[in-house]
Amino acid sequence: MAAEESSSSPGGITPLQQILASGTGALLTSLFVTPLDVVKIRLQAQRKPLSKGRCFLYCNGLMDHLFVCQHATACSTWYRAPTYFNGTLDAFVKITRHEGLTSLWSGLPPTLVMAVPATIIYFTCYDQLRDFLCYGLGYHGSHIPLIAGALARLGAVTVISPLELIRTKMQSRQLSYMELGVCLRSAVSQDGWLSLWKGWGPTVLRDVPFSALYWFNYELVKKKMSNTKAAVESPFLVSFSAGAVSGAVAAVLTLPFDVVKTQRQIELGNLELGPSRKQRSSTWGAMRRIRAESGTRGLFAGFLPRVIKVAPACAIMISSYEFGKNFFQQQNKIKQQNV
């Protein structure tokens, strides 16, 4: 019993159980949110068909992924010319009817290879850091979730960024693993090890403030709602509501960084397609260019679609994660009582 307690966090579950809870939440979030993004891409492709040499962003509810259309036939899975959609609901119905239900999850499996580990690192590190700051160092206050959230996201982005770059290279150039090794060694010898973290800057600039704001607001809203009758009757609903509210707030406040990150990711994909493409700009340079071309409103482009996508994704992820943690807490209590 003592050994089991020592291996558990102050939250009553072990790091392995935190990993299982966050991994399950990541899979559920992807299953629910992916169809929304697939429909969005198909509607966009209907207006402007995807072709060889073009890049587009795909989101599985956990993170954005860059897809490169190296071959027109490979891109055709994202849009079928004979099917015309009159809107979002019509697209859901026609895709399911003519292409099968599984088409709504096109492109999901390869993105989960990075999204699930990134989410596991992120959520597990957040809980561990928060508990360490509170119980290990004795710090208390509303700033603890903010600090823990920012550091956890920074670590997850730093670990995953080279893997995302490798995936983009393999997809854009159709490289084998041996050819990929040669390509990476060449890049490192020319530009140094930091070349493996291309795109790290704009990702950190968006994701770290987002995470800091998200966890700060989540813990705040959850604490406020915990004093209500609903918290006792349905803790899942409390987590879901707090996650949706905090996700929406963080999405709005970090929207300019999301706009810049999107452009930088597309630029990175274009650079992978060929040396003739224009050189990528800096993060602040891209922000100044957007403001000069479209005004301040340009930095807040896509406000509604981002909130509609982020809020439910955050709600599903955190409520699933909290449900998993509660399940393991109950199991651990039963085990301790039987010892």
Side-chain angles (χ1 to χ4, degrees), residues 21-37 40 57-65 111 115-116 118-127 129-130 142-154 156-157 160 203-226 230-231 234-262 299-325:
S22 57
T24 303
L27 289 172
L28 288 173
T29 303
S30 298
L31 290 174
F32 277 104
V33 178
T34 293
L36 297 175
D37 213 55
K40 182 202 75 175
L57 283 180
Y58 166 86
C59 179
N60 57 18
L62 301 170
M63 59 190 293
D64 296 328
H65 297 272
T111 66
V116 172
T119 305
I120 288 172
I121 293 169
Y122 173 39
F123 276 79
T124 305
C125 284
Y126 169 76
D127 270 353
L129 283 168
R130 184 199 58 197
S142 57
H143 64 286
I144 297 300
L146 190 145
I147 295 170
L151 291 176
R153 192 65 166 198
L154 181 64
V157 169
I160 295 299
T203 303
V204 165
L205 197 59
R206 182 198 69 172
D207 288 3
V208 171
F210 177 92
S211 297
L213 291 167
Y214 172 76
W215 287 110
F216 172 80
N217 287 301
Y218 173 74
E219 299 289 2
L220 197 66
V221 174
K222 185 183 174 185
K223 187 177 179 180
K224 294 278 187 184
M225 294 183 70
S226 295
S234 180
F236 179 86
L237 183 61
V238 170
S239 298
F240 189 92
S241 302
V245 171
S246 54
V249 171
V252 171
L253 294 177
T254 58
L255 187 57
F257 298 128
D258 180 65
V259 173
V260 173
K261 178 182 178 288
T262 299
L299 293 172
F300 290 88
F303 163 80
L304 193 58
R306 176 159 163 77
V307 171
I308 290 173
K309 181 171 64 178
V310 170
C314 288
I316 295 167
M317 180 63 218
I318 193 63
S319 55
S320 301
Y321 181 53
E322 294 283 12
F323 181 86
K325 290 200 299 181

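For the atom pair Asp207 CG and Tyr122 OH, the distance stands at 8.5 Å (nearest 0.5 Å). Here NZ of Lys309 is found 4.5 Å from CG of Asp37. Values are rounded to the nearest 0.5 Å. Interatomic distance, OG of Ser320 versus CZ of Phe123, reported as 9.5 Å (0.5 Å rounding). The distance from atom CG of Leu220 to atom CG of Leu146, rounded to the nearest 0.5 Å, is 11.5 Å. We find the SG-CZ distance between Cys125 and Arg130 to be 13.0 Å, quoted to the nearest 0.5 Å. How far OG of Ser239 is from CD1 of Ile318: 6.5 Å, rounded to the nearest 0.5 Å.
The shortest side-chain heavy-atom distance between Ser142 and Phe216 falls under the 4.5 Å cut-off. You'll find the side chain of Val260 stays beyond 4.5 Å of the side chain of Pro256, heavy atoms only.
Val208 and Arg153 get closest at one heavy-atom pair: N-CG, 4.1 Å. For the residue pair Thr29 and Ala313, the shortest heavy atom distance occurs at CG2-O, 3.7 Å. In terms of heavy-atom proximity, Ala250 sits nearest to Thr254 at O-OG1, 2.7 Å. Between Val204 and Pro209, the shortest heavy-atom distance links the atoms O-CD, 3.4 Å. The two residues Leu129 and Ala148 make their nearest non-hydrogen contact at CD1-O, 3.8 Å. The two atoms that bring Gly243 and Cys314 nearest to each other are O-CB, 3.5 Å, heavy atoms only.
Ring geometry, Tyr218 versus Tyr214: the interplanar angle falls under 30°, so the pair is classed parallel (tilted spans 30 to 60°). Between Tyr126 and Trp215, the two ring planes are parallel [angle under 30°; tilted spans 30° to 60°].
With Ser319 contributing its side chain and Ile316 its backbone, the two residues share a donor-acceptor pair below 3.5 Å. Judged purely by atom type and a 3.5 angstrom limit, Thr124 has no side-chain atom pairing as donor or acceptor with the backbone of Ile121.
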* Starting from the C-alpha separation in whole Å, work towards a yes-or-no answer on side chain to side chain donor-acceptor pair (under 3.5 Å) for Tyr321 and Thr119. => CA-CA 11 Å; Tyr321 181 53; Thr119 305; over 6 Å; no

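A salt bridge links Glu322 to Lys325: at least one charged side-chain nitrogen sits closer than 4.0 Å to a carboxylate oxygen.
Applying the side chain to side chain contact (heavy atoms under 4.5 Å, CB included) criterion to Val221, with sequence neighbours excluded, gives Met225, Ala242, Val245.
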